[in-house]
A.B. asks: 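I have a structure I would like to understand better, so I am pasting it below and will then ask my questions one at a time.
Throughout, numbering of the chain's residues begins at 1 and tracks the sequence.
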Amino acid sequence: MAPNLSLFSVNAILILSPDGTRVLAKYYHPPHSPATAANNAAASNPYPTLKEQKPFEKGLVEKTAKSNSDIILYDSRIVVFKAESDVMLYVIGGVEENEMLLWHTLLALRDSLNILLKNATDKRTLLENYDIVSLAIDEIVDDGIILETDPATIAGRVSKPPMQEVGGVKGLDLSEQGLLNAWEFGKKQLAERLRQGL
């Protein structure tokens, strides 16, 4: 039998509060799992619905609250986790996965969030910047495959402005001050035209 040669290594990335409520959760399943065996498909994605995910997350928080290490084996999964302010960051992989790879993925998530959110990785800030957090996770892991673990690169990709100007508008200031300046400019132009008799 051939060994499993797949890049798929992350089953889930979770951000949970200490009481077990979900801040953000992304579950992944292997894209090319054999569909012939029902047991194999169930083993590859044991938490396909919210009904299975919630008890798993609740039990995970209870188990990690008692743990004094950063890596545990829970429900036949390797779980690496880190407490940040009032949330817990989790990266979950299969039993056969490399723990150091999962650990570096977790550190990449933590450090890139620290860069993007200016060291404010609390629940409120994460919820207010949900789009940035979700993009950062997507830059780190795509469909369970780890793409990047350098926090500076991840933060640069998430916060980078578009390379080309949208709709040919160049240097348009749409802030409140910019709009006020445009209004004042328009008023001056209209007053000037009225003085000249149109």
A.B. asks: Donor-acceptor pair, distance only, cut-off 3.5 Å: does the side chain of K58 make one with the backbone of D19?
C.D. replies: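 Yes, K58 side chain to D19 backbone: donor-acceptor pair under 3.5 Å.
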
A.B. asks: Which heavy atom of R77 sits nearest a heavy atom of G94, and at what distance?
C.D. replies: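 Distance-wise, the nearest heavy atoms are NH1-CA, 4.2 Å.
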
A.B. asks: Just to verify, what does A120 make a side-chain contact (heavy atoms from CB on, under 4.5 Å) with, not counting sequence neighbours?
C.D. replies: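 So A120 forms a side-chain contact (heavy atoms from CB on, under 4.5 Å) with D122, T125.
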
A.B. asks: Minimum heavy-atom separation for I146 to S9, with atom names?
C.D. replies: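 That would be CD1-OG, 3.5 Å.
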
A.B. asks: Who are the salt bridge (Lys or Arg N to Asp or Glu O under 4.0 Å) partners of E52, not counting sequence neighbours?
C.D. replies: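 Expected list: none.
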
A.B. asks: Would you say the side-chain atoms of T64 and Y90 include a donor-acceptor pair closer than 3.5 Å?
C.D. replies: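 Yes, Y90 and T64 have a side-chain donor paired with an acceptor closer than 3.5 Å.
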
A.B. asks: Report whether F185 and L194 are members of the same hydrophobic cluster (ILVMFWY, side-chain heavy atoms less than 4.5 Å apart, transitive linking).
C.D. replies: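 No; L194 is not reachable from F185 via cluster members.
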
A.B. asks: Looking only at heavy atoms, which two atoms of S69 and F81 are closest? And how far apart?
C.D. replies: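 Looking at all heavy atoms of both residues, the shortest contact is O-CZ, 2.8 Å.
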
A.B. asks: Once side-chain contact (heavy atoms from CB on, under 4.5 Å) is applied, do any residues pair with L127, and if so which ones, sequence neighbours excluded?
C.D. replies: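 If we apply the side-chain contact (heavy atoms from CB on, under 4.5 Å) test to L127, skipping adjacent residues, the hits are V23, K123.
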
A.B. asks: Are L14 and I72 linked, directly or through other ILVMFWY residues, by side chains that come within less than 4.5 angstrom of each other?
C.D. replies: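 Result: yes, single cluster for both.
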
A.B. asks: Let me confirm one number: the CE-CD1 distance from M100 to I71, rounded to the nearest 0.5 Å.
C.D. replies: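 Going from CE on M100 over to CD1 on I71, the span is 9.0 Å.
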
A.B. asks: Minimum heavy-atom separation for I154 and A108, please, with both atom names.
C.D. replies: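 Looks like CD1-CB, 4.1 Å.
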
A.B. asks: How far apart are the C-alpha atoms of V158 and S112, what are their side-chain angles, what is the distance that settles it, and do they pass the side-chain contact (heavy atoms from CB on, under 4.5 Å) test?
C.D. replies: CA-CA 9 Å; V158 170; S112 61; over 6 Å; no

A.B. asks: Sequence neighbours excluded, which residues qualify as salt bridge (Lys or Arg N to Asp or Glu O under 4.0 Å) partners of K188?
C.D. replies: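 Salt bridge (Lys or Arg N to Asp or Glu O under 4.0 Å) list for K188, sorted by chain: empty.
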
A.B. asks: Are side-chain heavy atoms of L126 and L24 found at a separation under 4.5 Å?
C.D. replies: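 Not in contact.
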
A.B. asks: For the atom pair NE2 (H29) and OH (Y47), what is the distance rounded to the nearest 0.5 Å?
C.D. replies: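 Interatomic distance, H29 NE2 to Y47 OH, rounded to 0.5 Å: 15.5 Å.
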
A.B. asks: Closest approach of V61 and P18, non-hydrogen atoms and distance?
C.D. replies: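 Answer, listing the atom of V61 first, then P18: CG1-O, 3.1 Å.
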
A.B. asks: Sequence neighbours left out, what pairs pass salt bridge (Lys or Arg N to Asp or Glu O under 4.0 Å) with at least one residue falling in residues 84-95?
C.D. replies: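 Every candidate salt bridge (Lys or Arg N to Asp or Glu O under 4.0 Å) pair involving residues 84-95 fails, so no pair, neighbours aside, qualifies.
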
A.B. asks: Sequence neighbours excluded, which residues qualify as side-chain contact (heavy atoms from CB on, under 4.5 Å) partners of I13?
C.D. replies: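 I13 satisfies side-chain contact (heavy atoms from CB on, under 4.5 Å) with V10, Y28, V91, L109, I137, V141 once adjacent residues are dropped.
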
A.B. asks: Quick one: does V79's side chain get under 4.5 Å of L73's, heavy atoms only?
C.D. replies: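 Of all side-chain heavy-atom pairs linking L73 with V79, none is under 4.5 Å.
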
A.B. asks: Once salt bridge (Lys or Arg N to Asp or Glu O under 4.0 Å) is applied, do any residues pair with R22, and if so which ones, sequence neighbours excluded?
C.D. replies: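 Applying salt bridge (Lys or Arg N to Asp or Glu O under 4.0 Å) to R22 gives E57.
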
A.B. asks: Roughly how far, to the nearest 0.5 Å, is the CG atom of L117 from the OG atom of S85?
C.D. replies: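 So the gap between those two atoms works out to 11.5 Å.
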
A.B. asks: By the salt bridge (Lys or Arg N to Asp or Glu O under 4.0 Å) test, which pairs, at least two apart or in different chains, include something from residues 140-151?
C.D. replies: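 Found E148-R157.
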
A.B. asks: Please identify each residue that fulfils side-chain contact (heavy atoms from CB on, under 4.5 Å) with K187, with sequence neighbours left out.
C.D. replies: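 With sequence neighbours excluded, K187 shows a side-chain contact (heavy atoms from CB on, under 4.5 Å) to W183, E184, given in chain and number order.
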
A.B. asks: Drop me the distance from L190's CG to R195's CZ, to the nearest 0.5 angstrom.
C.D. replies: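 Reported value, rounded in 0.5 Å steps: 10.0 Å.
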
A.B. asks: Dump the intermediate steps for salt bridge (charged side-chain N to carboxylate O under 4.0 Å, His left out) on K66 and E62, then the final yes or no.
C.D. replies: CA-CA 7 Å; K66 300 177 209 169; E62 290 171 4; 6.0 Å; no

A.B. asks: State, to 0.1 Å, how close V87 and T121 come at their nearest heavy-atom pair, and which atoms those are.
C.D. replies: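 So the two residues come closest at CG2-O, 3.6 Å.
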
A.B. asks: Could you tell me whether the side chain of L16 reaches within less than 4.5 Å of the side chain of T21, counting heavy atoms only?
C.D. replies: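 No; the side chains remain at least 4.5 Å from each other.
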
A.B. asks: To the nearest 0.5 Å, how far apart are CD1 in I92 and OH in Y74?
C.D. replies: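 Interatomic distance, I92 CD1 to Y74 OH, rounded to 0.5 Å: 9.5 Å.
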
A.B. asks: Who are the salt bridge (Lys or Arg N to Asp or Glu O under 4.0 Å) partners of D138, not counting sequence neighbours?
C.D. replies: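 Checked D138 against salt bridge (Lys or Arg N to Asp or Glu O under 4.0 Å); matches are K26.
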
A.B. asks: With a 4.5 Å heavy-atom cut-off, do L102 and I78 have their side chains touching?
C.D. replies: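 SC-SC contact between L102 and I78 confirmed.
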
A.B. asks: Nearest 0.5 Å, what's the CG-CG distance between D75 and L60?
C.D. replies: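 D75 atom CG to L60 atom CG measures 9.5 Å (nearest 0.5 Å).
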
A.B. asks: Does Y130 have any ring pair (Phe, Tyr, Trp, His ring centres under 6.0 Å) partners at least two apart in sequence or in another chain, and if so, which?
C.D. replies: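 With sequence neighbours excluded, Y130 shows a ring pair (Phe, Tyr, Trp, His ring centres under 6.0 Å) to no residue whatsoever.
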
A.B. asks: Whether the side chain of T105 engages the backbone of L101 through a donor-acceptor N/O pair (distance < 3.5 Å, no angle test) should be reported.
C.D. replies: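 Answer holds: yes.
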
A.B. asks: Restricting to side chain to side chain donor-acceptor pair (under 3.5 Å), what partner residues turn up for N119, sequence neighbours left out?
C.D. replies: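 Per chain and number, N119 pairs via side chain to side chain donor-acceptor pair (under 3.5 Å) with no residue.
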
